[in-house]
There are 2 protein chains.
Amino acid sequence: MPTINDVARAAGVSPSTVSYVLSGRRPISAQTRARVQAAIAELGFHPHAGARALASSKTNVLALVVPLRVDVNVPVIMQFATAVVTAARTHNHDVLLLTKDEGTSGLERVAHSTMVDALIVMDVEKDDVRIPALRRLKQPTVLIGLPGDPAGIVCVDLDFAAAAAETLRHLAWHGHRKIALVGPSPSVYRRGTSYAERFLAGFTEASAELGLETMTHPCEPGQAGVRECLADIDAELPGVTALVVHNEEALRPLLDQLRSAGRRIPEDISVVAVCPRDVALGMPIPLTSVDIPSHDVGGLAVETVMKLLDGRHTESVRLLPPTLVERESCASPAS
Amino acid sequence: MPTINDVARAAGVSPSTVSYVLSGRRPISAQTRARVQAAIAELGFHPHAGARALASSKTNVLALVVPLRVDVNVPVIMQFATAVVTAARTHNHDVLLLTKDEGTSGLERVAHSTMVDALIVMDVEKDDVRIPALRRLKQPTVLIGLPGDPAGIVCVDLDFAAAAAETLRHLAWHGHRKIALVGPSPSVYRRGTSYAERFLAGFTEASAELGLETMTHPCEPGQAGVRECLADIDAELPGVTALVVHNEEALRPLLDQLRSAGRRIPEDISVVAVCPRDVALGMPIPLTSVDIPSHDVGGLAVETVMKLLDGRHTESVRLLPPTLVERESCASPAS
DNA sequence: GGGGGTCGTCGAAGCGCTTCGACGAACGAT
DNA sequence: ATCGTTCGTCGAAGCGCTTCGACGACCCCC
């Protein structure tokens, strides 16, 4: 592996000049620059990342903390991750992958040992134990999600409360008055997962504002969970004409269940999903849905981190507005 | 951030002694070690990763290259990734996430700049353009998959040829003679994806050995693709009594399709899937399947990398034997 | 035509760690 | 007692890069 000294010698300049060619931090004459660049190309020189980090205190690496639980939506996580990696590369950064199960100590390890310049943390809970630790780090951090107390930490996410309101507005506009929310599994609520609570709160509030008759029900995974959930809904809110489904895994069995009960969509019951676009499109009937824009959120997280890294100011909480797209799962109730 | 010098001062020893306490590369008296460790704990010292990498030429970081295509099985990839990260951590390594779309240059970038000690590359194709580049790197590499010419590179994977044979043996044992393979989408074959070809070859060979009447058919994603695939199969191999499905995405629509055509599983038609265990279990009927042990393969990849890193020898191709587990989707044909 | 700037380049220091050689002390064997 | 070892520790060199201050050369303006 050639070093910067080899390049300098080959180009007949000093190592510092090579460095300045690379960084552009000082003016270098066109001829010199050309010679240096030729030498770099010829020798196949790549600066040593460790040496660079040591000298400049910059690693050009971001940490990305992903959950690896199974009850959480794998494709969504994957979309976030690829969005983050792709966006990071456009800013000349690489991504170090951490799993949530290392908890606080994992964050501290990579931060204290200066392996990364900044962190992006997914799957945030309401009273996330990692938050106090994150506040103490010298590296900037961006959360994907919204903890109970976001003070001192920058957060980005979809505006789930607005998303909930959006689904209800749409259904109300179609004329629905009795609407049930099929939520995530109870374990998600139990963990205090941020997006679940925000969606629930938005749903309840919008329901009151619109004067609707609604109920909410978590939904265990699997056929059995869905069956039970639907039964409870029918018992508690008889004559329900629309379902808002904020549970990607339940979606499929739920549609199956409705079909085998002879309830047609949208003739007998309307459904609005909250899920990634491709999931909504991959169902037997294309579902009217509020998109979960993993890609945008991931990209925004990276942009925000970059802003923080070069000291620019940024708002501390940034919630993306939801967009509902109409497909084929909503109609006016038969009445 | 305290440095090794701060620790040395606090413990009343020289920096090199602290280093030897950390690395254990020279004997240190119990008292000294205790004092040093106390100082480390008190100051919250973490060695600077860059400095360490520079001095020792070891980064304790692995690169993991994942595909980010959409036609490829997201949950499987995610399982690989988490298995790799988890296993890497047990060896005190972290994982840098690269996407396949950076191609050869991404590999060269992280390798030449000494960001990683070794690489693990997923989603290998038969004539993968990255292979020659990988051979040239000074860092050891482990492929998950099997290229056409694996010379000079270590590979680990499930033995897909054996897996195919296993499915046929099982179905033959049940008395099936007419069996069709529902394969991955044509684009997967077109790309020369290693596992698809190996499964196909194993299927064809075992079919001949067992004297079965079989056919194979790729399957486009989506309901339409499945419908077409089934129609072709019925046309080409009338009276087919069993299906081997090597296409995770097609699985669900395929079952739907069979059901709505009034073909019961396993009474009218048997199905063996090749997919991760949880996918097989998540279907309306628990499917008899050959497990794709992402977790084991990921773990094995890391173990292999570690072996290479400390100079131990390792076989150049390691294929895990498949295991078929019986569930409820196979029975003897009505005859 | 001399003073003040800017431009382009160099040299040296230093980032925080590992590692090698050296060296005194302690110890067992003769 | 003496010599050779092993044990435990230290000092210094160096890993490859960035960055700061310095310094000619050159240009512009009064």
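Please read all numbers here as calculations on a predicted model, not as lab measurements. Every heavy atom of this structure was used, including side-chain atoms; hydrogens, water molecules and symmetry mates were not. Just so we're on the same page: letters track the sequence lines, and every chain starts at 1.
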Tell me: CZ of B:Arg35 to C1' of D:dT9, nearest whole Å?
11 Å

Can a donor-acceptor pair be found, under 3.5 Å and without considering hydrogens, that links the side chain of A:Thr193 to the backbone of A:Val188?
yes

Could you list the residues that satisfy ring pair (Phe, Tyr, Trp, His ring centres under 6.0 Å) with A:His112, not counting sequence neighbours?
B:His46

Does A:Ser23 place a side-chain N or O at less than 4.0 Å from the phosphate oxygens OP1/OP2 of D:dT19?
no

Return the value, rounded to whole Å, for the distance between atom CZ of B:Arg25 and atom P of C:dG21.
14 Å

Among pairs that include at least one residue of residues 74-89 of chain B, which meet side-chain hydrogen bond (donor to acceptor under 3.5 Å, both in side chains), considering only residues two or more places apart or in two chains?
A:Glu102-B:Arg89, B:Gln79-B:Ser294

Within the 4.0 Å limit for protein heavy atoms, which parts of nucleotides 10-16 of chain D are touched? Write it as a string from 5' to 3', B for base, S for sugar-phosphate only, - for none.
BB--BBB

Does anything in residues 110-119 of chain B reach DNA chain D, meaning a heavy atom under 4.0 Å, and if so which residues?
none

Those residues that, when tested against B:Asp101, pass salt bridge (Lys or Arg N to Asp or Glu O under 4.0 Å) (two or more places apart)
none

Which residues share a side chain to side chain contact (heavy atoms under 4.5 Å, CB included) with A:Thr32, sequence neighbours left out
A:Val13, A:Thr17, A:Ile28, A:Ser29, A:Arg35, A:Val36

Who pairs with B:Asn92 by side-chain hydrogen bond (donor to acceptor under 3.5 Å, both in side chains), at least two apart in sequence or on another chain?
none

With side-chain hydrogen bond (donor to acceptor under 3.5 Å, both in side chains) as the rule and sequence neighbours excluded, what pairs involving residues 51-67 of chain A come up?
A:Thr59-A:Asp117

Qualifying ring pair (Phe, Tyr, Trp, His ring centres under 6.0 Å) pairs with a residue from residues 1-20 of chain B, counting only residues at least two apart or across chains
none

Selection residues 2-22 of chain B - residue pairs positive for salt bridge (Lys or Arg N to Asp or Glu O under 4.0 Å), sequence neighbours left out
B:Asp6-B:Arg9

Take the C1' atoms of the five end pairs on each side of the helix from C:dG1-D:dC30 to C:dT30-D:dA1, get both axes, and report the angle to 10 degrees.
30°

Whole-Å distance, A:Lys58 NZ to D:dT18 C1', equals 11 Å

Partners passing salt bridge (Lys or Arg N to Asp or Glu O under 4.0 Å) against A:Asp159 (at least two apart in sequence or in another chain):
none

